[in-house]
Amino acid sequence: MTAYKHATVPAKGERIEAAGGKFQIPDHPIIPFIEGDGTGPDIWRASVRVFDAAVEAAYGSKRKVEWMEILAGEKAFNATGEWMPAETLEAVREFKVAIKGPLTTPVGGGIRSLNVALRQELDLYACIRPVRYFTGVGAPMKAPEKLNITIFRENVEDVYSGIEFKAGSPEANELRDFIKTRFNKNIREGSAIGLKPMSPFGSKRLVKMALEYAIKRGKKTVTMMHKGNIMKFTEGGFRDWGYEIARDEFAATVVSEADFYKGGTGARADAVILKDRIADSMFQQLLLRPEDYEVIATPNLNGDYVSDAAAAQVGGLGIAPGANIGDAAAVFEATHGTAPKYADLDKINPGSVILSGVMMFEHMGWQEVADRIVRGVEKAITAKTVTYDLARQMPGSTEVSTSKFGDAVIAGARS
């Protein structure tokens, strides 16, 4: 194993191995964690107790996670002078699966975002965001239970690999002049200019992962969300490349919506239907006809918007998990910010990290653990034993601390 300067590899435990996008999980895996900034330490303390209790309840002494802290964010900067030490990335590469709390974004130049850096450096090309309703949570919708979707957001291209030039800068002016001279396209003088690269390779592998997920989970539809009516060669390309990968690699199991409604041999009842929707229409559809959608595949920026908007429909980011997955590594994470004003107050909702842990255990094939944690969350919410963010939306609830909510989830997970 690699020698680490700022992390300690557990004496017990084994590495997870990965090959061809498949993970081999030992009974005592070493899993790195980043506790996060702001409220991160409070959240992690509650979450790790839930994870350990659920593993023990499911498997007794047969299986156990060996946790290994790695540094990123403010804690890393204070200890090493770096926001994202190289050894942190190396640890995720070596141990394959990791989980993290929220990280702050450094002010000033250098790293655009620690989360983006982590995703790009490790090629975690799919940001996966399941959004479902937990009975009893206060939500703005009349029937929030109708929304039950999984969003696959492309995670390394589009605006995450975008190139920008400041308005009036020499670079922006030079690029404007080149575009006008070479391509006869006009850009208003003094404009800022941005580029958003999107490739067939990046788009196809994202849609492929979404289709594989739908087939494995018995879902009936995958919808590509895009703005291809305006951005015809980037987002329109995403749509076209998605249909291409479906034709080339999933002909036996996937049918396009157009072919399905033509009838005949294309209208197979057992096939996954691949369809597409314009981005602005997609927001309306999730509000008015949420039951018509199960899996959504989308470029980066669209996915950023729709995943948070969908989470709001069912009660907010406090119960919204997330994962960043590639072929050789996976990092599961809180989807909310650091909320520094609540740091060290034992107040914030740990649900996002707890449910991201559910995704992690599912990815590992430890479904019994995942099911117990979900049951624990459901029972805590049904009993109205919740943190302040949920309590203010749930009349008659009992507001509890971060740690007490963890206790309630553990009790439910063990039952």
Worked check of side chain to side chain contact (heavy atoms under 4.5 Å, CB included) between D407 and K404: CA-CA 5 Å; D407 292 339; K404 292 297 183 182; 3.6 Å; yes

Residue K384 excluded, over 12 heavy atoms near NZ under 6.0 Å: yes

Pair D42 + K347, salt bridge at N-O below 4.0 Å: no

Rounded distance [0.5 Å steps], NZ in K166 versus CG in N173: 12.5 Å

CD1 on I25 to CD1 on I31, rounded to 0.5 Å: 7.5 Å

Side-chain donor-acceptor pair present, Q285, D292, cut-off under 3.5 Å: no

Nearest atoms (heavy-atom pairs only) where R375 meets A413: NH2-O, 3.8 Å

E378/R132 ion pair, N-O < 4.0 Å: yes

Beyond-backbone contact of M282 with Y293, side-chain heavy atoms, under 4.5 angstrom: yes

Under 3.5 Å: donor-acceptor pair, side chain of N155, backbone of L124: yes

Minimum-distance pair of heavy atoms, taken over all atoms of M394 and V137: SD-CA, 4.0 Å

Lys/Arg cation over aromatic F152: K208, 6.0 Å, 45° cone: no

Within-4.5 Å side-chain heavy-atom neighbours: E66 and V9: no

D37 side chain vs L103 backbone, donor-acceptor pair below 3.5 Å: no

Steps toward side chain to side chain contact (heavy atoms under 4.5 Å, CB included) verdict (L355, F134): CA-CA 12 Å; L355 293 171; F134 285 89; 3.8 Å; yes

W366 vs P29 side-chain heavy atoms within contact, under 4.5 Å: yes

Donor-acceptor contact present, side-chain R372 to main-chain A54, <3.5 Å: no

Salt-bridge criterion met for D52 and R49 (N-O under 4.0 Å): no

Closest non-hydrogen atom pair between P85 and L71, with its separation: CD-O, 3.4 Å

Ion pair K5/E87, N-O distance below 4.0 Å: no

Full working for side chain to side chain donor-acceptor pair (under 3.5 Å) between S199 and E157: CA-CA 8 Å; S199 71; E157 294 192 335; 2.6 Å; yes

Side chain to side chain, F51 and I99, heavy atoms closer than 4.5 Å: yes

4.5 Å side-chain heavy-atom contact, Q313 and Y133: no

For the student: nearest non-hydrogen atoms of L274 and A246, plus distance: CD2-CB, 3.6 Å

Student check: side-chain heavy atoms of M364 and V369 closer than 4.5 Å: no

Closest heavy-atom pair and its distance - A297, F238: O-CE2, 3.6 Å

Y59 and E368: side chain donor to acceptor below 3.5 Å: yes

Heavy-atom donor-acceptor pair, E154 side chain to V156 backbone, under 3.5 Å: yes

Other residues, nucleotides, ligands: >12 heavy atoms within 6.0 Å of K204 NZ: yes

Parallel, tilted or perpendicular: rings of F77 and W83 (30°, 60°): parallel

Atom OH of Y305: over 12 foreign heavy atoms under 6.0 Å: no

Donor + acceptor pair across side chains of N300, K196 (<3.5 Å): no

Side-chain donor/acceptor of K96 to backbone N/O of E94, under 3.5 Å: yes

P130 vs I149 side-chain heavy atoms within contact, under 4.5 Å: no

Carboxylate-amine/guanidinium proximity below 4.0 Å for E294 and K220: no

CD/E17: more than 12 non-hydrogen atoms of other groups inside 6.0 Å: yes

Distance in Å, E362 CD paired with I373 CD1, rounded so as to fall on 0.5 Å steps: 9.5 Å

Min side-chain heavy-atom separation L89-R93 under 4.5 Å: yes

Candidate pair K227 and T234, rule side chain to side chain contact (heavy atoms under 4.5 Å, CB included), full reasoning: CA-CA 9 Å; K227 193 63 178 172; T234 50; over 6 Å; no

T88 side-chain N/O to M84 backbone N/O, donor-acceptor pair under 3.5 Å: no

Heavy-atom closest contact (S356 atom, E333 atom, distance): OG-O, 2.6 Å

Side chain S397, main chain T385, donor-acceptor under 3.5 Å: no

Ring centers of Y388, Y342 separated by less than 6.0 Å: yes

Distance, nearest 0.5 Å, that separates CZ of R289 from CG of L147: 14.5 Å

Exam field: side chain Q393 to backbone D389, donor-acceptor pair closer than 3.5 Å: yes

Test item: T223 side-chain N/O and K275 main-chain N/O as donor-acceptor pair under 3.5 Å: no

Option from T335, I43, I319, L317 for which side-chain contact (heavy atoms from CB on, under 4.5 Å) with S352 holds: T335

Cation-pi, Y125 ring and R205 (6.0 angstrom, 45 degrees): yes

D304/R153 under salt bridge (charged side-chain N to carboxylate O under 4.0 Å, His left out): CA gap, chis, key distance, verdict: CA-CA 7 Å; D304 198 8; R153 169 194 179 198; 3.7 Å; yes

Residues E14, I30; criterion side chain to side chain contact (heavy atoms under 4.5 Å, CB included); working and verdict: CA-CA 6 Å; E14 304 168 75; I30 295 171; 5.9 Å; no

Backbone N/O of L301 and side chain of D158: donor-acceptor pair under 3.5 Å: yes

